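Data first, discussion second: the structure below is written as structure tokens.
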Amino acid sequence: MMGDPLNAREDAAEALGMVARAAGTYLDALPHLPVRDATHAHLVDDLDGPLPEAGDGTIAAVADLLRIGTRAATHSSGPRFFHLVVGGATPAAQAADWVTSLLDQAGGLWVASPLAAHAETVVLRWLKELFGLPASYGGVLTPSATFANLTGLTCARYWWARRHGVDVTADGLVGLPRLPVFSSGYVHPSSRKALQLLGLGRDSVRTLTRDDAGRLDVDALDRELASSGPAVLIGNAGEVNGGDFDPLDEMADLAERHGAWLHVDGAFGLFAAVSPRTAGLVRGVERADSVAADGHKWLNVPYESGMAFVRDRSLLGRAFGGWNSPYLPEQDEVRVNYNSLGPESSRRARAFPIWATLRAYGRDGHRAMVERHQDLALRLGRRVEESPDLELLAPITVFVVCFRYRPPGVPEEALDDLNRRLGEELLEDGRVYAGTTVYRGRVALRPAIVNWRTTDEDVDLLASVVREIGARLLTAEA
Ligand SMILES: *Cc1c(COP(=O)(O)O)cnc(C)c1O
């Protein structure tokens, strides 16, 4: 049959070569492309059509995807995508991601790929060292920080149910009281999502705050823990709107004093540990019971890449293992089945891009990137403070710059609407991307600088485009 891939074996290398040639052109252009080019937006329609019966063949299909993709993609791996928290892909990580596809390992079971399992063991050890986490911690790679939060909180749930004499893995939640969960106002929706999936309830989180930014009320937490019974604390390192960090050291003290479980969501902020300039922001994380982080944010590894670490390494196996399937092999310290230590079963060898970027650039290279992003954020902060029509709203910690457009003479009550429209226009314009949020009750822009390609010129352009669009909106109104 024409469409049978068995008849197209010899096309594989040619198709990959085509991708590699397109990559050269695309990557050369990337620093100069607008983040999104509206003139190509219609190309997504070319993806559509009826399910092919005969098929176009390897070369035609891949060529078409390249034609559409390289034009219609959001060029978020370029230097000027400051929306959300979106990292780029270092050259080594990007190439290793291709290797991951080339080798197509079933990365969950040692017997299926000792290579993938060993790479995962090695990168987890490197990552613990990079972050200053104890070598004794268990770990597993996940598709994202949402899955890493799920992994840590699943272990927390197991621990807590045990305190009540229940094996939640085997018997579920029936008969257990509600799990007390405490956090600051900085708690990320993905932690709530994890609690929701675990049957603990999204709204089980009690946020104890002492101001309208959401900072943790440590004394209130102390009082609550005195009477709550076994509880889970979620520490946030850091917060996506203003860039602040919870006081992890104090939370670790309280967790120790009251016998609580401390889970730290360090999706991006755990990387602050990589530089002595910012390590103080995450002091205490090395005493957490579980820690979540992302590879596809500040490590600049392609999607999907996350990681979870757990102080009591046996809990991962107890919370996620126990399949009792006769066809699954036994494991030991060396022959690890990572699919029994996390929420996934079959999974790609996602250790390879992490391995490659750490092998290529080392601790020094990744520290340099972390420090450069902080420098760029501080530079943008200075641009904001120098500009009479911009206002900085939060102190800069690592890479988030929370500010708003505030031209003289515009009344306070008109500013939210003005900034919201500015945010929409900015995305429409497409030269730079940044999103709006509500910070302390005010609509604000919150660009996040997390891409290895970003330079001074890119952040200067952001400031000038914001001012240009703001001025245009004001003139249009007058
Ligand atoms: C991005 C983020 C998450 C979720 O990470 P995903 O990789 O998108 O699942 C969780 N917590 C914080 C603080 C984040 O910034």
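All ligand and atom numbering here is 1-based and tracks the order in the structure. Predicted model only: the values in this text are computed from it and were never measured.
Put simply, the side chain of Thr154 gets close to the backbone of Leu150: a donor and an acceptor are under 3.5 Å apart. With hydrogens and angles disregarded, a donor-acceptor distance shorter than 3.5 Å links the side chain of Asp289 to the backbone of Leu262.
When each of Thr455, Asp458, Thr454 is paired with Arg80, the side-chain hydrogen bond (donor to acceptor under 3.5 Å, both in side chains) condition holds for Asp458 and for no other.
The shortest N/O to N/O separation between Ala145 and ligand 1 falls below 3.5 Å. Taking any N or O of Asp265, backbone or side chain, at least one lies under 3.5 Å from an N or O belonging to ligand 1.
Protein heavy atom in closest approach to atom 15 (O) of ligand 1: Lys297 NZ, 2.8 Å.
With a 4.0 Å cut-off on non-hydrogen atoms, Val240 touches ligand 1 through its side chain and not its backbone. Of all the heavy atoms of Phe268, the ones lying under 4.0 Å from any atom of ligand 1 belong exclusively to the side chain. In His296, the part holding a heavy atom less than 4.0 Å from any atom of ligand 1 is the side chain.
Checked against side chain to side chain donor-acceptor pair (under 3.5 Å), Asp429 has the following partners two or more places apart in sequence or in another chain: Arg431.
Side-chain contact of Asn149 with Ser190: a donor-acceptor pair under 3.5 Å is present, judged by distance alone.
Within the structure, side chain to side chain donor-acceptor pair (under 3.5 Å) contacts touching residues 370-381 (residues at least two apart or in different chains) are Ser275-Glu371, Arg277-Gln374, Arg277-Asp375, Trp298-His373, Arg379-Asp456, Arg379-Asp460.
Atoms of ligand 1 lying under 4.0 Å from any heavy atom of Gly238, numbered from 1 in the order shown and given with element: 13 (C).
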